[in-house]
Number of protein chains: 2
Amino acid sequence: MQKQETLSKNQKIILDLIEKSDQPLKAYSILFDVKKKGINAPLQVYRALNKLVKIGKIHKIESRNAFIACKNSKCQIAKATVFSICESCEDVTEIHDHKLSEHLRDFKDNKGMKYNKYNLEFFGLCKKCI
Amino acid sequence: MQKQETLSKNQKIILDLIEKSDQPLKAYSILFDVKKKGINAPLQVYRALNKLVKIGKIHKIESRNAFIACKNSKCQIAKATVFSICESCEDVTEIHDHKLSEHLRDFKDNKGMKYNKYNLEFFGLCKKCI
DNA sequence: CTTAAATATGTTATATTATTACACAGCGTT
DNA sequence: AACGCTGTGTAATAATATAACATATTTAAG
Ligand SMILES: [Zn+2]
Ligand SMILES: [Zn+2]
Ligand SMILES: [Zn+2]
Ligand SMILES: [Zn+2]
């Protein structure tokens, strides 16, 4: 809650909207929804989104070009994200699995690369859609 | 090599191009390069790309909207991809790590979801860029 | 061999996603 | 006051991807 206070007007408006949705929102759908609040241009949305991603308040679902709020209060994990995505209903859930996180955090390739971030997306069918 | 034979003309042209590059190519850069071969429209490129992704000859790097050839001869793993991406020079490498693959293959969430695919992207700095 | 289904092609137009460029405002530091 | 930093507003445009339609080619079945 400490960073929340420092958000700007546009950032707050857009974060509020994303947090109210339990599913990912697309940039232009966000734009449509916030026009009534005086945000008129794509760039205003993208600027806020970029900032919110950067500080870990939201995550981008890369395979869907959509943005979802992070529910994890201790989210220093903007840099370590795992999602499950239903390919039928498009339901997206953020996964927090300690064991999996450990494995990913500790992963070393054989090229001497230094990792500071990862994003993992699982695809399949959710309970409802099986 | 058995599936290669069944590729169509456009699919072959585009796969050849991608295989000659060791780095991911973007759709419109592919389009530019294959114009001399009579492929004139984005849709012709995207159709070939979609097919090649589907049969595992290439993979899409989701965070970059780019396509890279799969070098793994036994690539039934179109549905289980891991990449390392250098955020400085944008070098991309496909990772085949047995242990990691096992963990990902065996991963079960607590929602009863049935996975059939995953994509993992590691970000950081490669040896050259550190 | 004929027919039907499935796959691929070519073309035009359009939708969707994202950034560049420019002008300026507010705030804290020096 | 001058500067750096972050944010805003606006217009224009770039980059990525798909819809819709007409036609051709390959494959599989009858
Ligand atoms: Zn999160
Ligand atoms: Zn579902
Ligand atoms: Zn591969
Ligand atoms: Zn590098």
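Throughout, a chain's letter reflects where its sequence line sits, starting with A, and its residues are numbered from 1. Just so it is clear, the model here is predicted, and its values are computed rather than measured.
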Does B:Lys51 place a side-chain N or O at less than 4.0 Å from the phosphate oxygens OP1/OP2 of C:dT7? no

Please give, in whole Å, the distance from C:dT17 C1' to A:Ile61 CD1? 16 Å

Side chains of A:Glu94 and A:Asn72: any donor to acceptor distance under 3.5 Å? no

OP1 or OP2 of D:dT16 under 4.0 Å from side-chain N/O of A:Asn65: no

Assuming nearest nucleotide by heavy-atom distance, tell me which of B:Gln11 and A:Phe67 is located more 5' along DNA chain C. B:Gln11

Check this one for me: any side-chain N or O of B:Lys60 less than 4.0 Å away from OP1 or OP2 of D:dA17? yes

Below 30° counts as parallel, above 60° as perpendicular, anything between as tilted: where do the rings of A:Phe107 and B:Phe122 land? parallel

Interatomic distance, A:Leu31 CG vs D:dT10 C1' [rounded to whole Å]: 13 Å

Least distance between heavy atoms, B:Pro24 atom then B:Ile61 atom: CG-CG1, 4.1 Å

Phosphate contact (D:dG9 OP1 or OP2) by A:Asn10 side-chain N/O below 4.0 Å: yes

Ignoring backbone atoms, establish whether B:Ser8 has a side-chain N or O less than 4.0 Å from OP1 or OP2 of D:dT25. no

Stacking of A:Tyr28 on C:dT17 base (centres under 5.5 Å, planes under 30°): yes

Considering only side-chain heavy atoms of B:Arg47, which listed nucleotide, D:dG9, C:dG10, D:dG7, is closest? C:dG10

Rounded distance (Å) that lies between atom C1' of D:dG7 and atom CD1 of A:Ile39: 12 Å

Protein-nucleotide distance (B:Lys9, atom NZ; D:dT25, atom C1'), rounded to Å: 12 Å

Do you know which two heavy atoms are closest between A:Ile14 and A:Ala48, and how far apart they sit? CD1-CB, 3.7 Å

Sugar-phosphate only, base, or nothing, as touched by B:Leu43 at under 4.0 Å among non-hydrogen atoms: base

Examine D:dT8: is either OP1 or OP2 under 4.0 Å from a nitrogen or oxygen in the side chain of A:Gln44? Give yes or no. no

